[in-house]
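Report on the structure given below.
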Amino acid sequence: MSNGLYRPEKRIIGLMGGTFDPVHYGHLVAAEEACYQFGMEKVIFIPASKPPHKTGRDISTSEQRLEMTKRAISSNSHFTISDMEIKREGLSYTIDTVRAMKEIYVGWEIYFITGADAVLEILTWKNVEELLQECFFVAATRPGFNLETIDCKLGYLSKDLLAKIKTVEVPALAISSTDIRQRVREGRPIKYLLPEAVEKFIYQNKLYHN
Ligand code: ATP
Ligand code: MG
């Protein structure tokens, strides 16, 4: 620390996966807080192509979700976006994404950022032990979801692996994409729940209107 700047030994990158249909302030606040608290150099938003647990639901096109996410992060120099999952054929799995990112960011430490609801979903889907060998997880608090169940449900894992799941307290935002879509359908306001550029895109492209 000769020049007064704190430099972590390892370079850290955050991955923020999601459907982002649409992206909203809950996503942005969770990513920003995790970025700050763990000293990440950047956070890559990765819209999913066909989330394995959401197939069958009518979601916006990948291009529309990519565009909304681009607009949402444009004012944050730490945030960037990847179309890796959208370009990949078939279903997206976190383990494939993490491994692909490790080939690009060789030697970096990877932190996969999720909300309190998604962390358990991801870690109970598949390859939990392999996943935790590849990267850390950051579970952001989310209203309505209890983070304490993690230790309970994943208690069979070794201490070393459990230690790779971190939590981050974020200012609580009870915002969800599901609620935003429903609000649009019902003609209720979505202003202040998501960036204005995303709101405009939704109305211009008549998304979620039935
Ligand atoms: P949907 O209602 O369609 O499931 P969502 O609002 O949950 O949408 P996703 O795209 O499913 O958004 O979420 C992507 C990631 O962001 C997940 O890890 C999720 O837990 C997290 N997340 C979403 N909303 C919030 C929020 N308000 N606070 C903290 N984390 C959030
Ligand atoms: Mg969700």
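Whatever order the structure lists ligands and atoms in, that order sets their numbers, starting from 1.
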Original post:
Among Arg142, Met16, Arg181, Arg65, which one has a heavy atom closest to atom 31 (C) of ligand 1?
Top reply: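 Comparing heavy atoms across Arg142, Met16, Arg181, Arg65, the nearest one to atom 31 (C) of ligand 1 lies in Arg142.
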**OP:** From the options Gly17, Ala118, Gly115, select the one whose nearest heavy atom is closest to atom 14 (C) of ligand 1.
**Re:**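 The option holding the nearest heavy atom is Gly17.
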For the residue pair [X] and [Y], confirm or rule out a side-chain donor-acceptor distance under 3.5 Å.
X	Y	result
Asn205	Gln64	no
Arg88	Thr97	yes
Arg71	Ser74	no

Original post:
Strictly under 4.0 Å, does any heavy atom of Leu173 approach an atom of ligand 1?
Top reply: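 The answer is yes: ligand 1 sits under 4.0 Å from a heavy atom of Leu173.
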Using distance alone, determine whether [X] and ligand 1 share an N or O pair under 3.5 Å.
X	result
Val170	no
Ile113	no
Thr19	yes

Original post:
Any idea how His209 and Tyr203 line up, ring-wise: parallel (<30°), tilted (30 to 60°), or perpendicular (>60°)?
Top reply: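 Answer is perpendicular, since the angle exceeds 60°.
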Original post:
Would you call the rings of His27 and His24 parallel, tilted or perpendicular, where under 30° means parallel and over 60° means perpendicular?
Top reply: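 Geometry flag for His24 against His27: parallel rings.
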**OP:** Select one of side chain, backbone, both or neither to describe which atoms of Val119 lie under 4.0 Å from any atom of ligand 1, heavy atoms only.
**Re:**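 The answer is neither.
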**OP:** Check each heavy atom of Ser176 against ligand 1 and say whether those closer than 4.0 Å belong to the side chain, the backbone, both or neither.
**Re:**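 For Ser176, backbone and side-chain atoms both sit under 4.0 Å from ligand 1.
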**OP:** Determine the minimum heavy-atom distance between Val184 and Leu207, stating which atoms define it.
**Re:**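 Heavy atoms of Val184 and Leu207 come nearest at CG1-O, 3.4 Å.
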Near [X], which atoms of ligand 1 are under 4.0 Å from a heavy atom of that residue?
X	value
Asp117	19 (C), 20 (O)
Gly18	10 (O), 14 (C)
Thr114	18 (O)

Original post:
Between Met84 and Ile95, is there a shared hydrophobic cluster once you connect ILVMFWY residues whose side-chain heavy atoms come closer than 4.5 Å?
Top reply: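 Per the 4.5 Å side-chain linkage, Met84 and Ile95 are co-clustered.
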